[in-house]
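Worksheet: one structure, shown below.
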There are 2 protein chains.
Amino acid sequence: MTKKTSPSPAAIKAWARLMRVSRQLVERAEDALKDSSLPPLAWYDVLHELAEAGEGGLRPFQLIERTLFAQYNVSRLLARLEADGLVEKLRVADDGRGQTIRITDKGRETRRRMWAVYGRSIAELVGARLSDDDLDTLAALLGRLRHPAAPA
Amino acid sequence: MTKKTSPSPAAIKAWARLMRVSRQLVERAEDALKDSSLPPLAWYDVLHELAEAGEGGLRPFQLIERTLFAQYNVSRLLARLEADGLVEKLRVADDGRGQTIRITDKGRETRRRMWAVYGRSIAELVGARLSDDDLDTLAALLGRLRHPAAPA
DNA sequence: TCTATATAGATGCAACTGCATTGATATCGG
DNA sequence: CCGATATCAATGCAGTTGCATCTATATAGA
């Protein structure tokens, strides 16, 4: 558990499982959305953050912090969301470089419809397979892998 | 824990952590490889499978089964690996449609150099943060999320 | 055998990603 | 106040992915 350059078998196995399972789950969730003719998960993440932010909206750089998407990715994703009428870009008074992104009613509606499908995927893919206790344990272990390290 | 359409808060939290942490870890590992001017993780996955397969090599469809990559993805990845001399494609006698992919010495060498970096990432990102006991617990919990469900 | 269907793998095209850079505004130091 | 530097966001270009389709061979069924 101390700093080494070579991973233990337990570390390798946990890593491999993490890589494989997370990819599988993402794929399943994406497929479920596609089957319902809904946009991809990335759109949900952004709409979710914007919905939580409320009327004040968020600056693109705040979305970057919250979602882990790259800057150029957010820039283009927002362009697509705006083109679809799911968000609106507002000039912000005190910073001429920036803008504020606000979710529209249509955006909220889309998010709602996505959640109906996405939430079901989560329920089926993890909720139905682990007890709440095990889910808590899993979340706690994963929490210790966050970067930068979170306080205990 | 029974089949529901709406996920519990514990399920949502575990899901969110899983999505976020796995993305962070992949990104870190990819960055480490890039910093060493090495190919991306996907190449490692394929070289690893081929190295394990030995002289007999593997058919592309076997790689697809083992790696979860899409068919077209494997097809093009193998083309790049072949162009770099890391694998070779052999016609297979008893099936005119197919081919067998075998790793070359150069491929083995590349895999080795990738593992030096990749293994260190694993050691630092997970090995240094959780005890082996916790890693085993994590792997076991993740194992129960595999699809299709593995036998207990 | 001859036709229909299934499987292995490749590929054209459109969309998306990653990288580097750019344009624009803000802030800091003198 | 001015120039240097930093931050916010967009974008050109190359590489990759996803989708659908295509070619080729194999297998099954009449």
Side-chain angles (χ1 to χ4, degrees), chain A residues 23-24 26-46 49-50 53 57-84 87-102, chain B residues 23-24 26-46 49-50 53 57-84 87-102:
Chain A
R23 263 188 286 180
Q24 279 187 328
V26 168
E27 197 178 327
R28 292 250 175 175
E30 294 277 18
D31 285 349
L33 288 169
K34 259 179 286 200
D35 289 347
S36 300
S37 303
L38 289 167
L41 277 185
W43 289 38
Y44 183 85
D45 290 344
V46 168
E49 293 299 336
L50 290 173
L58 287 176
R59 301 282 300 268
F61 72 87
Q62 296 178 296
L63 278 170
I64 291 166
E65 294 164 2
R66 287 167 171 70
T67 59
L68 306 182
F69 291 129
Q71 183 268 321
Y72 54 79
N73 220 323
V74 167
S75 177
R76 293 198 259 229
L77 183 44
L78 289 175
R80 285 174 231 143
L81 288 169
E82 187 187 28
D84 264 42
V87 307
E88 50 191 353
K89 298 184 174 182
L90 309 168
R91 288 293 140 196
V92 52
D94 63 333
D95 189 339
R97 295 166 301 182
Q99 51 189 307
T100 295
I101 310 297
R102 194 164 59 192
Chain B
R23 262 186 287 179
Q24 278 187 328
V26 168
E27 197 178 325
R28 294 250 174 174
E30 294 277 18
D31 286 348
L33 289 169
K34 259 178 287 200
D35 289 346
S36 299
S37 303
L38 289 167
L41 278 185
W43 289 37
Y44 183 84
D45 290 344
V46 168
E49 294 298 336
L50 290 174
L58 287 176
R59 300 281 299 269
F61 72 87
Q62 295 178 297
L63 278 170
I64 292 166
E65 293 165 2
R66 286 166 171 70
T67 60
L68 306 181
F69 292 128
Q71 183 269 323
Y72 54 81
N73 221 323
V74 167
S75 176
R76 292 197 262 229
L77 183 44
L78 290 175
R80 285 174 231 144
L81 288 169
E82 187 186 30
D84 264 43
V87 306
E88 50 190 353
K89 299 184 174 184
L90 310 168
R91 288 292 143 197
V92 52
D94 62 333
D95 188 338
R97 297 167 300 183
Q99 52 190 309
T100 294
I101 310 298
R102 194 164 60 192

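The basis for the numbers below is simple: all heavy atoms, side chains too, and nothing from hydrogens, waters or symmetry mates. In the text below, chain A, chain B and the rest are named by the order of the sequence lines, each starting its count at 1.
Neither OP1 nor OP2 of C/dA8 sits under 4.0 Å from any side-chain N or O of B/Lys89.
Of all nucleotides in DNA chain D, those with any atom nearer than 4.0 Å to a heavy atom of chain A start and finish, going 5' to 3', at D/dT7 to D/dC19.
B/Gly98 and B/Arg59 make their closest contact through CA-NH2, 3.3 Å (heavy atoms, listed as atom of the first residue, atom of the second, distance).
Listed by first then second residue, pairs satisfying side chain to side chain donor-acceptor pair (under 3.5 Å) with a partner in residues 31-45 of chain B read B/Tyr44-B/Arg111, not counting sequence neighbours. Applying the side chain to side chain donor-acceptor pair (under 3.5 Å) definition to pairs two or more places apart or across chains, none involves residues 68-78 of chain A.
Between the CD1 atom of A/Ile101 and the CG atom of A/Leu78 there is a distance of 4.5 Å, given to the nearest 0.5 Å. Note: A/Glu49 CD to A/Ile64 CD1 = 12.5 Å, rounded to the nearest 0.5 Å. Distance CG/A/Leu81 to CG/A/Leu50: 8.0 Å, rounded to 0.5 Å.
For B/Gln71 and C/dA10, a side-chain-to-base donor-acceptor distance below 3.5 Å is present, hydrogens and geometry of angles not being considered.
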Distance-only check: which donor-acceptor pairs under 3.5 Å involve side-chain atoms of residues 87-96 of chain A, not counting sequence neighbours?
unit_1: A/Glu88; atom_1: OE2; unit_2: A/Arg102; atom_2: NE; d: 3.4
unit_1: A/Glu88; atom_1: OE2; unit_2: A/Arg102; atom_2: NH2; d: 3.3
unit_1: A/Asp95; atom_1: OD1; unit_2: A/Arg97; atom_2: N; d: 3.0
unit_1: A/Asp95; atom_1: OD1; unit_2: A/Arg97; atom_2: NE; d: 3.1
unit_1: A/Asp95; atom_1: OD2; unit_2: A/Arg97; atom_2: NH2; d: 2.9

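Put simply, the side chain of B/Glu30 gets close to the backbone of B/Leu41: a donor and an acceptor are under 3.5 Å apart.
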Could you run down the sub-3.5 Å N/O contacts of the protein with nucleotides 22-26 of chain C?
unit_1: C/dT25; atom_1: O3'; unit_2: A/Gly96; atom_2: N; d: 3.3
unit_1: C/dA26; atom_1: OP1; unit_2: A/Gly96; atom_2: N; d: 2.5

Between the protein and nucleotides 13-17 of chain C, are there any N/O to N/O pairs under 3.5 Å, and if so, what are the atom names and distances?
unit_1: C/dT17; atom_1: OP2; unit_2: A/Asn73; atom_2: OD1; d: 3.2
unit_1: C/dT17; atom_1: OP2; unit_2: A/Arg80; atom_2: NH2; d: 3.4

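Rounding to whole angstrom units, NZ of residue B/Lys34 and P of C/dG18 are separated by 7 Å. Atom P of nucleotide C/dA8 and atom CD of B/Gln62 are separated by 10 Å, given to the nearest angstrom.
Two residues are said to be in side-chain contact when any heavy atoms from C-beta on lie closer than 4.5 Å; B/Arg66 and B/Leu58 meet this criterion.
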